[in-house]
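The structure under discussion appears below in the form of C-alpha coordinates.
Excluded from the calculations below are hydrogen atoms, water molecules and symmetry mates; all remaining heavy atoms, backbone and side chain alike, are included.
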Amino acid sequence: MMTVTKDHIIAEVLNHDRTLAPIFMQFGLHCLGCAAANNESIGEAAMVHGIDADALIDALNTYLQSK
(Lines give C-alpha, C1' and ligand atoms only; values in the text may rest on other atoms or scores of the structure.)
Protein backbone atom coordinates (compact mmCIF):
# COMPACT_ATOMS: atom_id res chain seq x y z
CA MET A 1 0.00 0.00 0.00
CA MET A 2 1.22 3.47 -0.88
CA THR A 3 1.70 6.13 1.78
CA VAL A 4 1.53 9.62 0.29
CA THR A 5 3.97 12.30 1.46
CA LYS A 6 4.46 15.97 0.63
CA ASP A 7 7.40 14.99 -1.57
CA HIS A 8 5.32 12.85 -3.95
CA ILE A 9 4.71 14.27 -7.41
CA ILE A 10 0.99 14.79 -7.99
CA ALA A 11 0.96 12.83 -11.26
CA GLU A 12 2.74 9.87 -9.64
CA VAL A 13 0.10 9.68 -6.93
CA LEU A 14 -2.70 9.86 -9.48
CA ASN A 15 -1.04 7.22 -11.64
CA HIS A 16 -1.02 4.96 -8.60
CA ASP A 17 -4.72 5.54 -7.89
CA ARG A 18 -6.92 7.73 -10.10
CA THR A 19 -9.74 7.62 -7.54
CA LEU A 20 -7.73 10.11 -5.46
CA ALA A 21 -8.54 12.91 -7.93
CA PRO A 22 -11.72 14.06 -6.13
CA ILE A 23 -9.75 14.54 -2.90
CA PHE A 24 -7.23 16.76 -4.67
CA MET A 25 -10.12 18.74 -6.15
CA GLN A 26 -11.88 19.10 -2.79
CA PHE A 27 -8.74 20.80 -1.53
CA GLY A 28 -8.61 23.19 -4.48
CA LEU A 29 -6.15 21.45 -6.78
CA HIS A 30 -8.24 21.36 -9.92
CA CYS A 31 -5.70 21.26 -12.75
CA LEU A 32 -4.53 17.70 -12.20
CA GLY A 33 -3.77 17.26 -15.89
CA CYS A 34 -1.68 20.40 -16.29
CA ALA A 35 2.05 20.32 -16.87
CA ALA A 36 2.80 21.39 -13.31
CA ALA A 37 1.13 18.25 -11.94
CA ASN A 38 3.81 16.19 -13.70
CA ASN A 39 6.68 17.99 -11.97
CA GLU A 40 5.24 19.52 -8.83
CA SER A 41 5.19 17.83 -5.45
CA ILE A 42 2.09 17.89 -3.31
CA GLY A 43 3.92 20.11 -0.83
CA GLU A 44 4.90 22.59 -3.53
CA ALA A 45 1.39 22.70 -4.97
CA ALA A 46 -0.12 23.20 -1.54
CA MET A 47 2.22 26.11 -0.84
CA VAL A 48 1.49 27.80 -4.18
CA HIS A 49 -2.28 27.38 -3.77
CA GLY A 50 -2.44 28.22 -0.06
CA ILE A 51 -3.65 24.75 0.88
CA ASP A 52 -2.98 22.94 4.16
CA ALA A 53 -0.61 20.24 2.90
CA ASP A 54 -0.87 18.18 6.07
CA ALA A 55 -4.66 18.04 5.84
CA LEU A 56 -4.47 17.02 2.18
CA ILE A 57 -1.90 14.30 2.91
CA ASP A 58 -4.02 13.01 5.79
CA ALA A 59 -7.12 12.87 3.59
CA LEU A 60 -5.27 11.05 0.80
CA ASN A 61 -3.74 8.49 3.16
CA THR A 62 -6.98 7.95 5.07
CA TYR A 63 -8.72 7.20 1.79
CA LEU A 64 -5.98 4.81 0.68
CA GLN A 65 -6.05 2.97 4.01
CA SER A 66 -9.82 2.55 3.76
CA LYS A 67 -9.58 0.64 0.47
Side-chain angles (χ1 to χ4, degrees):
M1 177 180 70
M2 178 181 207
T3 300
V4 180
T5 69
K6 292 179 191 178
D7 295 326
H8 276 103
I9 302 298
I10 295 168
E12 290 174 356
V13 173
L14 290 171
N15 285 336
H16 174 74
D17 189 334
R18 288 274 183 211
T19 64
L20 292 169
I23 297 171
F24 280 102
M25 289 192 254
Q26 287 172 355
F27 277 81
L29 295 176
H30 298 270
C31 50
L32 300 175
C34 72
N38 290 311
N39 301 308
E40 195 169 46
S41 72
I42 295 172
E44 292 167 335
M47 183 177 60
V48 168
H49 293 282
I51 296 167
D52 182 347
D54 292 325
L56 173 56
I57 296 299
D58 287 344
L60 293 168
N61 284 320
T62 298
Y63 175 78
L64 287 171
Q65 290 172 1
S66 73
K67 290 181 87 175

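- What you find for A53 and A46 is that their closest heavy atoms are CB-CB, 3.6 Å.
- By the side chain to side chain contact (heavy atoms under 4.5 Å, CB included) test, D52 pairs with D54, A55, sequence neighbours left out.
- Residues forming a salt bridge (Lys or Arg N to Asp or Glu O under 4.0 Å) with D17 (at least two apart in sequence, or on another chain): K67.
- When the side chain to side chain contact (heavy atoms under 4.5 Å, CB included) test is applied to H30, the partners found at least two apart in sequence or on another chain are M25.
- Considering all non-hydrogen atoms of both residues, N38 and A11 come closest at OD1-CB, 3.3 Å.
- Scanning all heavy atoms of the two residues, the minimum distance from A45 to L29 falls at CB-CD2, 4.1 Å.
- The hydrophobic cluster analysis finds M1 isolated: no Ile, Leu, Val, Met, Phe, Trp or Tyr side chain comes under 4.5 Å of it, directly or through other members.
- M2 and I42 fall within the same hydrophobic cluster, defined by Ile, Leu, Val, Met, Phe, Trp and Tyr side-chain heavy atoms under 4.5 Å apart, directly or through other members.
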(message) Run L56 and I23 through side chain to side chain contact (heavy atoms under 4.5 Å, CB included) and show every step you take.
(response) CA-CA 8 Å; L56 173 56; I23 297 171; 4.1 Å; yes

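- Residues Y63 and L32 share a single hydrophobic cluster, defined by chaining ILVMFWY side chains whose heavy atoms lie under 4.5 Å apart.
- Pairs passing the salt bridge (Lys or Arg N to Asp or Glu O under 4.0 Å) check and including a residue from residues 27-46, sequence neighbours excluded, do not occur.
- The two atoms that bring L20 and V13 nearest to each other are CD1-CG1, 3.5 Å, heavy atoms only.
- In this structure, CD1 in I57 is found 11.0 Å from OG1 in T62, a value given to the nearest 0.5 Å.
- In this structure, L60 CG and F27 CZ are separated by 7.5 Å, a value rounded to the nearest 0.5 Å.
- Every residue was checked against the side chain to side chain donor-acceptor pair (under 3.5 Å) condition with N39, not counting sequence neighbours, and none meets it.
- Sorted pairs that involve residues 19-29 and meet salt bridge (Lys or Arg N to Asp or Glu O under 4.0 Å), not counting sequence neighbours, are lacking altogether.
- Apart from M47 itself, the hydrophobic cluster it occupies contains nothing, where clustering links Ile, Leu, Val, Met, Phe, Trp and Tyr at side-chain heavy-atom distances under 4.5 Å.
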